**Student:** 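I have a structure here, written as structure tokens, and I will follow up with some questions on it.
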Amino acid sequence: MNENILPQQFQAQNWLKQLTIMDWLFAVAMLAGSVYAYSQYAAYMDEYEVGILFASAVALIGLGWGWKPSRTLFVAVAVLSLFAISLYNPAMQALAAKGITGQAAIDILTNDKQQSKFFLKFLISSQSATMWMSALFFMATVAYFIELFGRSSFAGKVASAMVWSAVTMGLVGLMVRWYESYLVGSDIGHIPVSNLYEVFILFAIITALIYLYYEMRYETRAMGGFVLLVISASVCFLLWYHFEKGASEIKPLVPALQSYWMKIHVPANFVGYGGFALASMVGVAFLIKERALRHNPAGLMATRLPATDILDDVMYKSIALGFAFFTIATVLGAMWAAEAWGGYWSWDPKETWALIVWLNYAAWLHMRFTKGWRGTPMAWWAVIGLFVTTFAFLGVNMFLAGLHSYGEL
Amino acid sequence: MNKTQPQKIQRQPSKKSILLEFLGSMNLAISILVVLAVASIIGTVLQQNQPYNDYIIKFGPFWHDVFSSIGLYDVYSAIWFLLLLGFLVLSTSVCIYRNTPVMLREMQQFRLHAKAKSLKSMKHTSEWRVASTQTTAAHLIQKAKLYMGQYGFQLRDEVFDDHHTLVAKKGGINRLGYILTHVGIVVICIGGLIDGNLSLKVKEWLGEVKIETRDILANEVPAISRLKPDDSLSFRGSITLPEGSSSNFVFLNVRDGYLVQELPFAIELKNFRVEHYESGQPKSFESDLLIHDKEYGNDFEAMISVNHPLIYRGYAIYQASFGDGGSQLELMVRPLFSSEELKPKKIKAVVKKSASITTSNGQYVLEFDDFRKFNIFPNTDKSVNKRFVNYGASIVFKARDESGQAREYVNYMSPIKLEGRYFYLTGMRETVNEDFKYLHIPVDANATMERFFKFHAILNDDKRVLQMAQATVGGGIRDADKNNLALQQQVTQAMVRLVKLFRQGGYIAIDKDIQAKVPKEKQQGIAKAYMGVLQTALQNMYLLVLREEGIDISKGISDAESVFFEDAVSALAGLGYYGTPFYLQLVDFEQRESSGLQIARAPGKNIVYLGCLLLIIGVFMMFYIAQQRFWIMVVKAEGGTALDVIFAGSTNRNEFGFNKRYQNFAQQLKALLSDNE
Ligand code: HEM
């Protein structure tokens with residue numbers, strides 16, 4: 001044997017070579033999609049936004065390559081959204097000929113008894129897609145608990161499929177809403193991350209996506225019910241907000257929000273919130289498991305929930321992910337504030353609470369890495385962290401006055 | 001010679017190292033993090049930097065003094081808060097100082113000297129035997145090297161007496177992440193400190209600078225409250241510029257007062273624009289500025305808008321707000337009660353200034369707070385296919401009487417369509433917490449309020465009221481009573497009295513009168529009779545108005561005219577509660593807007609951004625680049641000729657993922673290193 005060559009079966013595969021034809025097709029599709037979006041909508045973008053568009057395409061390709069199932073998700077969202085747009089375009093033109101435009105025309109196409117378009121009314125207008133997302137999340141929550149208590153792996157598979165579908169519908173809802181906002185008025189159009197209603201959808205989607213990733217990595221669905229509880233809670237809020245307050249109406253942006261910063265600041269923030277929320281629910285699962293092990297080691301919870309060190313690991317990983325993105329989001333927020341308010345840090349309540357959340361998790365990470373704390377106290381801390389985070393996310397808007405203009409209840 | 005045994009040196013830890021130990025301890029760090037978080041909460045719950053009067057009202061004078069002396073109204077620049085931040089910086093710096101050498105060493109170390117025993121006790125470890133007839137330790141290590149080398153590990157091996165060790169290492173940069181993260185924090189704090197303008201605090205403390213709390217003109221502010229351009233390394237101030245004016249200073253709000261910060265250049269506002277959405281919400285604010293810089297000999301124009309500031313000489317000029325910059329108003333004062341003088345007269349006024357009016361009720365000071373060119377509301381009129389309607393221009397002002405009491409008014413310039421008819425709207429409220437209550441003045445056929453005020457003038461003219469009453473009574477009385485002069489007079493007087501009551505306080509005044517003078521059981525009957533009399537009187541006065549307008553009423557009056565009558569009577573009934581003895585009609589205006597600018601200098605900003613960059617890179621390196629080490633040790637088996645291979649691994653992140661990797665390597669290496677070839 002040649003001293004310097006390993007036998008074939010021991011040779012490492014170059015990661016590029018591990019990419020399949022589907023991976024390449026996916027990459028081409030994403031790039032083509034962004035070029036197409038550029039060709040269609042360049043007029044609405046400034047140079048930063050063009051940069052963000054292509055950077056997102058690259059990020060999506062990276063995500064798709066690193067986590068294969070997400071490729072299907074992105075393609076499905078793109079196809080459904082384009083389908084919705086293709087339904088809107090001619091129908092809006094026909095109505096415009098009759099002098100009906102903007103929100104009134106959208107209402108007709110999505111709601112009217114006679115003139116509405118079937119698919120828009122029942123499936124893929126932003127309203128319907130969001131409703132589907134909500135329903136699917138509720139059903140998935142139930143299904144996960146059936147799998148947990150009923151030991152039914154079929155229910156578990158159904159639950160996962162529902163979460164994937166819910167995420168798809170949620171993303172379609174946002175994409176179509178984005179388009180609809182331009183149909184309401186070309187000066188009104190904006191990315192749908194500008195108010196509390198829209199970011200609640202985003203929150204549900206991102207939390208679910210992070211969960212799905214861990215579900216696959218750790219090959220367990222037993223955490224699903226717990227995580228879906230917090231998602232369902234946010235969906236409940238969303239529905240209340242929609243039906244009671246009419247929050248789903250597309251409104252124009254105040255001048256301070258008209259900035260490309262919003263496109264990166266808000267999503268980064270919600271990866272942060274999503275990670276923290278996930279960690280807290282895994283913390284709940286941890287506490288239940290730990291208690292079950294002490295009191296009833298042969299019981300359902302003790303045997304069905306994942307091992308404590310897996311839960312601990314997921315908890316750490318999602319807090320780390322949340323912390324990293326929350327750091328980015330806060331920095332981006334400071335840079336935006338420097339441009340819009342004249343100072344990168346004003347001790348505005350929202351800013352300050354972001355700092356509090358951040359310090360809280362910094363302390364959590366230190367306890368884990370320098371003091372080696374594990375297990376129960378960290379799980380409790382993660383659960384409490386959710387309250388701190390929720391206050392920063394919602395409470396500040398409800399109770400404290402400040403410069404942050406979006407999302408007053 | 002010293003016969004004693006060489007003593008084990010029990011070195012007393014020096015004071016310095018105890019201090020460093022304390023400052024760099026995790027307990028201190030976490031305590032500071034938590035205390036800072038709690039202190040920050042206070043600042044969000046207690047609204048910061050409000051007028052001190054508001055605090056006094058809220059907390060009472062005692063707690064107000066306590067709170068203000070411990071800096072709770074401006075927590076984030078209170079001494080103790082800054083000290084806390086300082087401690088965080090110090091503690092983090094000590095941490096970096098102590099840990100960096102360790103971390104750097106750890107980054108580079110391969111740990112080739114690890115003993116077999118310690119490798120076997122690791123979390124990820126395995127062992128297998130290879131018959132040595134087929135191979136040598138060096139050969140095995142060589143193969144392992146080739147194998148591990150493929151995965152981008154750094155490799156190092158060494159031959160020892162009885163074994164040969166290979167170490168494959170990766171991700172040392174994780175430790176660099178620690179350093180970057182914590183250096184980032186320190187850098188951010190330093191940048192923040194520079195921008196925190198400590199020098200101003202020191203000057204204030206030394207008494208070189210004093211806060212101005214009086215409401216005086218900027219050029220009257222004494223030198224001790226003024227800062228020269230070079231006095232402040234950093235600041236953030238604001239100024240409101242009306243169109244056409246310019247300024248070379250800004251105001252810095254400090255606690256319950258302000259300072260004047262001079263700029264090395266002047267900013268002139270040439271023009272200000274607000275664009276609106278269809279819904280009336282502002283879409284964009286833009287200011288056209290002209291910068292006059294004598295020092296640099298620079299004069300140039302620049303446009304700024306929200307999210308698009310101008311940066312000049314290290315000063316950033318931001319669009320912050322907008323308002324009225326002193327619009328010129330032309331107003332018609334229409335007296336409501338002075339029976340002697342009901343002639344309207346014109347006055348001029350300027351928004352943000354005040355004017356005064358003398359009436360028979362005394363003098364009123366009018367404070368013109370705001371002028372709006374548009375008032376856009378959702379459309380409620382189903383007959384028009386529009387989502388929003390524009391109610392046109394309006395003014396907001398306060399009218400303060402001699403006792404100092406003020407009411408607030410909002411008056412619209414043009415008539416507004418409500419329930420199919422047009423009205424001039426004027427709203428009044430007594431305190432800012434209430435909603436405005438509106439008076440609806442109906443318009444005549446020419447869309448003016450002339451007819452209404454003619455009607456109102458007759459109603460308020462005692463002579464004409466009497467004439468009208470006499471004519472009405474004389475014409476309407478039964479023949480049998482023709483000669484009963486006493487009765488006639490009585491009825492006439494009653495009518496006049498009712499009209500007077502009505503114009504003072506509408507139906508409510510009449511109702512009160514009845515309650516006071518008439519026994520309970522008769523009240524209802526009397527009320528009905530009074531209403532009949534009043535109605536007749538009002539109708540007859542209204543007919544007078546129509547006749548004066550030259551309208552032929554012989555065939556009765558039109559629907560429109562009778563609707564006008566109803567509306568006019570409702571408005572007249574409300575006038576008694578309007579508050580001022582005049583109505584201010586907005587006749588004409590010339591708008592002048594003002595732009596609220598914020599001007600900041602923050603030389604620490606780029607330092608902060610650099611710190612942020614270090615922090616972000618560091619955090620990602622720490623979380624996502626795991627330090628991994630694998631040991632492959634080949635040992636001569638005891639007493640035999642075989643070789644024992646020990647394969648161990650360790651990481652500081654992501655044990656779960658690492659374990660998968662380890663298992664994979666172990667399986668392949670086992671096959672590779674016992675391969676019989
Ligand atoms: C606001 C201030 C600070 C922030 C945001 C911060 C952030 C972090 C983060 C994110 C980690 C990584 C945790 C992990 O490994 O997952 C970390 C680790 C660490 N920090 Fe800090 N830190 C701060 C202040 C300090 C201070 C004051 C000290 C010193 C007492 C310190 C000492 C350490 C140590 C020793 C580690 C562990 C490194 C390791 O072994 O992995 N940190 N810090």
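None of these values were measured; they are calculated from a predicted model. Just so we're on the same page: letters track the sequence lines, and every chain starts at 1. Reckoned from all heavy atoms, side chains included, excluding hydrogens, waters and symmetry mates.
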**Student:** Can you say whether Lys145(B) sits under 4.5 Å from chain A via the side chain, the backbone, both, or neither, judging by heavy atoms?
**Tutor:** neither
**Student:** So, the side chain of Gln258(A) versus the backbone of Lys283(B): is there a donor-acceptor pair under 3.5 Å, distance only?
**Tutor:** yes
**Student:** Measure across Pro255(A) and Asn307(B) and return the closest heavy-atom pair with its distance rounded to 0.1 Å.
**Tutor:** O-ND2, 3.4 Å
**Student:** State, yes or no, whether a side-chain contact exists between Trp347(A) and Ser40(B) at a heavy-atom distance under 4.5 Å.
**Tutor:** yes
**Student:** Is any side-chain heavy atom of Leu365(A) closer than 4.5 Å to a side-chain heavy atom of Phe623(B)?
**Tutor:** yes
**Student:** So which part of Val38(B) gets closer than 4.5 Å to some heavy atom of chain A, the side chain, the backbone, both or neither?
**Tutor:** neither
**Student:** With a 4.5 angstrom heavy-atom cut-off, could you sort out which part of Gln668(B) is near chain A: side chain, backbone, both or neither?
**Tutor:** both
**Student:** Please list, chain by chain and in numerical order, all residues satisfying salt bridge (charged side-chain N to carboxylate O under 4.0 Å, His left out) with Lys605(B), sequence neighbours excluded.
**Tutor:** none
**Student:** With respect to chain B, which residue among Ile328(A), Asp313(A), Ile188(A), Asp187(A) yields the maximal number of heavy-atom pairs within a distance under 4.5 Å?
**Tutor:** Asp187(A)
**Student:** Side chains of Phe620(B) and Thr327(A): does their closest heavy-atom pair fall under 4.5 Å?
**Tutor:** no
**Student:** Indicate whether any N or O donor in one side chain lies under 3.5 Å from an N or O acceptor in the other, for Trp345(A) and Asp195(B).
**Tutor:** no
**Student:** For a quick test of reading the model, state the closest non-hydrogen atom pair linking Tyr624(B) to Ala320(A) and the distance between them.
**Tutor:** OH-C, 4.1 Å
**Student:** Could you check which of Val45(B), Val306(B), Val34(B), Leu36(B) has the highest count of heavy-atom pairs closer than 4.5 Å to chain A?
**Tutor:** Val306(B)
**Student:** For Phe656(B), is it the side chain, the backbone, both, or neither that has a heavy atom closer than 4.5 Å to a heavy atom of chain A?
**Tutor:** both
**Student:** Side-chain contact test, heavy atoms from C-beta onward, threshold under 4.5 Å: evaluate it for Met335(A) versus Cys612(B) and give yes or no.
**Tutor:** no
**Student:** Side chain, backbone, both or neither: which part of Ser305(B) has an atom under 4.5 Å from a heavy atom of chain A?
**Tutor:** neither
**Student:** If you take all heavy atoms of Leu6(A) and Gln150(B), which pair is closest and at what distance?
**Tutor:** CD1-NE2, 3.5 Å
**Student:** Give, as side chain, backbone, both or neither, the part of Tyr151(B) having an atom under 4.5 angstrom from any heavy atom of chain A.
**Tutor:** side chain
**Student:** Calculate, to the nearest 0.5 Å, the distance between atoms CD and NE2 belonging to Glu339(A) and His308(B) respectively.
**Tutor:** 7.0 Å
**Student:** Sort out for me which of Ala324(A), Ala340(A), Ala334(A) touches chain B most, counting heavy-atom pairs under 4.5 Å.
**Tutor:** Ala324(A)
**Student:** Output all residues satisfying side chain to side chain contact (heavy atoms under 4.5 Å, CB included) with Leu72(B), sequence neighbours left out; order by chain, then residue number.
**Tutor:** Ile42(B), Leu46(B), Phe67(B), Ile70(B), Val75(B), Trp80(B)
**Student:** What are the two closest non-hydrogen atoms of Pro7(A) and Leu672(B), and how far apart are they?
**Tutor:** CD-CD1, 4.2 Å
**Student:** Considering only heavy atoms, which portion of Leu669(B) lies under 4.5 Å from any heavy atom of chain A: side chain, backbone, both, or neither?
**Tutor:** neither
**Student:** Can you confirm whether Leu253(A) sits close enough to Tyr277(B) that some side-chain heavy atom of one is under 4.5 Å from a side-chain heavy atom of the other?
**Tutor:** yes
**Student:** Taking all non-hydrogen atoms of both residues, which atom of Gly342(A) and which atom of Gln598(B) are closest, and how far apart?
**Tutor:** CA-OE1, 3.9 Å
**Student:** If I measure from the heavy atoms of chain B, does Gln11(A) come under 4.5 Å with its side chain, its backbone, both, or neither?
**Tutor:** both
**Student:** Can you say whether Ile310(A) sits under 4.5 Å from chain B via the side chain, the backbone, both, or neither, judging by heavy atoms?
**Tutor:** side chain
**Student:** Under 4.5 Å, counting heavy-atom pairs only, tell me which of Tyr344(A), Phe391(A), Trp261(A), Trp336(A) racks up the most with chain B.
**Tutor:** Tyr344(A)
**Student:** Test the Arg653(B)-Phe369(A) pair against the cation-pi criterion, namely NZ or CZ under 6.0 angstrom from the six-membered ring centroid and within 45° of the ring axis.
**Tutor:** yes
**Student:** If every non-hydrogen atom of Ala37(B) is compared with every non-hydrogen atom of Leu359(A), which pair is closest and at what distance?
**Tutor:** N-CD1, 4.0 Å
**Student:** Take atom CH2 in Trp380(A); do more than 12 heavy atoms of anything else shown fall under 6.0 Å from it?
**Tutor:** no
